[in-house]
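Reading through the structure tokens given below for one structure.
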Protein chains: 2
Amino acid sequence: MPTHSQTQTAVLGALSIRPMTGYAVRENVQNVLGHFWSESFGQIYPTLAELEREGLVERQRSEHPRSSPFAPTAEGLTRLRELLSEPPQPSRPRNGLLLRLFFGRQLGVEACRQLITDARAQAETQLAQLVAEREQLTRDASLRDAAPYILITILAGEYGARASIAWADDALATLDELVAS
Amino acid sequence: MPTHSQTQTAVLGALSIRPMTGYAVRENVQNVLGHFWSESFGQIYPTLAELEREGLVERQRSEHPRSSPFAPTAEGLTRLRELLSEPPQPSRPRNGLLLRLFFGRQLGVEACRQLITDARAQAETQLAQLVAEREQLTRDASLRDAAPYILITILAGEYGARASIAWADDALATLDELVAS
DNA sequence: CGCTACATGTAAGGTGTTACATGATTCC
DNA sequence: GGAATCATGTAACACCTTACATGTAGCG
């Protein structure tokens, strides 16, 4: 068991929704999973090669071997279920925004206001994206079976984004009081 | 500029609030910053040594050199302000819970419910901790100047935790509908 | 005087990103 | 046939954690 990381999980999982090339896996990780997961080329290709060696995925026949998609084998699906059953590894938090605000006294009120305003705008953008994705999800018949689960993850993003927006307003008000006093 | 990471920022920042030993820095990172930041021994000690070499921190005189706290020098404070002014580096998201729920179809409804229930309980615990810390903050006179900024970061945690709880209830309801249909 | 907490440091190893290198396919 | 995109792979490097190694201070 060389890889203790969750990269195998992400790759196998992506292929379980639809067979695809490594290139497409990366695009999907960026676009669809991007709100809560990330992988780079440097991870995806070695992982695919490893999964193929272990017989957990195989390339589907195609005239052009280069563009033939990978699909999970039966053992691959079994392995995926095992991996998904392991308890989620809590990733250590690294929030650069809050790190800066925590030491905001050194940074100054104005710079802090700017950071919070930027974060608020980012959250608005993300929220709009998620809402759009959610509507698109209801229209994609091919995802019928996976849709409820995908919906849940999109909802998590929406709740988070709305919380960020409300927090930003609250935080800006707190700083206003500070300046007034 | 050897270190592009934000470890220097965290260490210098901690010392800017109160001079302390490397050991204490680590405790503070775990307890206070722990909700949104993390550093390990293996990072903190080398970083402190580097900062000392660069004249950005120095040990305060004390009978026992071993337990004498580090304090930022004037240049150290300047450097801290520079570091804080750099734009926050967005950390790549790695949410093991949402990764599992996204592929929830493979995992099964029951296991998903359990994951969400666990996450909800965790959020409740965290929320209680944050509320306690917030109340304690108003009582610590030594933090007077930094308090409003610390308050903002605690609030961010509270908003996030409350969002997690609301999301969990929503998600569980969504799964209930799925089972019913 | 032994236990616990304080305090420092390093070495090995795993993880993950970036940059580079290479070529195929498709579309105009 | 040239450009953009698709597709794969690797090597170097940055980052970070864990485990180990070592010793001190204070307290009962």
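We name chains A, B, ... by the order of the sequence lines, and we start the count at 1 in each one.
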**Message:** Distance check needed: dC13(D) C1' versus Gln43(A) CD, whole Å only.
**Reply:** 14 Å
**Asked** Just by modelled atom types, is the Arg59(B) backbone N or O under 3.5 Å from a matching donor or acceptor in the Ser68(B) side chain?
**Response** no
**Request:** Report yes or no: does Arg100(A) contribute a side-chain atom to a donor-acceptor pair with the main-chain N or O of Asn95(A) at less than 3.5 Å?
**Result:** no
**Request:** Check whether any side-chain nitrogen or oxygen of Arg59(B) sits under 4.0 Å from OP1 or OP2 of dT8(C), and answer yes or no.
**Result:** yes
**Request:** Decide whether Thr7(B) and Gln43(B) meet the rule of one side-chain donor and one side-chain acceptor closer than 3.5 Å.
**Result:** yes
**Message:** Both Ala24(B) and Gly42(B) contact DNA chain C. Taking the nearest nucleotide for each, which residue is further toward the 5' end?
**Reply:** Ala24(B)
**Message:** Does the Lys NZ or Arg CZ of Arg26(B) fall within the cation-pi geometry relative to Phe41(B) - under 6.0 Å from the ring centre and within 45° of the axis?
**Reply:** yes
**Message:** Expressed as a whole number of angstroms, how long is the span from Gln89(A):CD to dG16(C):C1'?
**Reply:** 14 Å
**Request:** Take the protein atom CE of Met20(B) and the nucleotide atom P of dT8(C), then report the distance between them rounded to whole Å.
**Result:** 12 Å
**Request:** May I ask you to evaluate whether Ser5(A) reaches the phosphate of dG16(C), defined as a side-chain N or O under 4.0 Å from OP1 or OP2?
**Result:** yes
**Message:** Which is more 5' along DNA chain C, the nucleotide nearest Tyr23(B) or the one nearest Ser40(A)? Just name the residue.
**Reply:** Tyr23(B)
**Prompt:** Taking OP1 and OP2 of dC16(D), is either one under 4.0 Å from a side-chain nitrogen or oxygen of Arg92(A)?
**Reply:** no
**Item:** Separation of atom CD in Gln8(B) from atom P in dC16(D), rounded to whole Å
**Value:** 12 Å
**Request:** Among the candidates dT8(C), dT8(D), dT17(D), find the nucleotide nearest to the side-chain atoms of Phe41(A).
**Result:** dT8(D)
**Request:** Let me know the distance between CD1 of Ile44(B) and P of dG9(C), rounded to the nearest Å.
**Result:** 12 Å
**Whole-Å gap separating P (dG9(C)) and CD (Glu52(B))** = 8 Å
**Asked** dC15(D) P sits how many Å from Trp37(B) CH2, rounded?
**Response** 12 Å
**Side chain of Ser38(A) (C-beta onward), nearest among dT8(D), dT8(C), dT17(C)** = dT17(C)
**Asked** Base, sugar-phosphate, or nothing for Arg94(B), non-hydrogen atoms under 4.0 angstrom?
**Response** sugar-phosphate
**Asked** Given dA5(C), is OP1 or OP2 found less than 4.0 Å from the side-chain N or O atoms of Arg26(B)?
**Response** no
**Prompt:** Are any of the side-chain heavy atoms of Gln60(A) and Pro19(A) separated by less than 4.5 Å?
**Reply:** yes
**Nucleotide dT8(D), atom C1' - distance to CZ of Phe70(A) in whole Å** = 9 Å
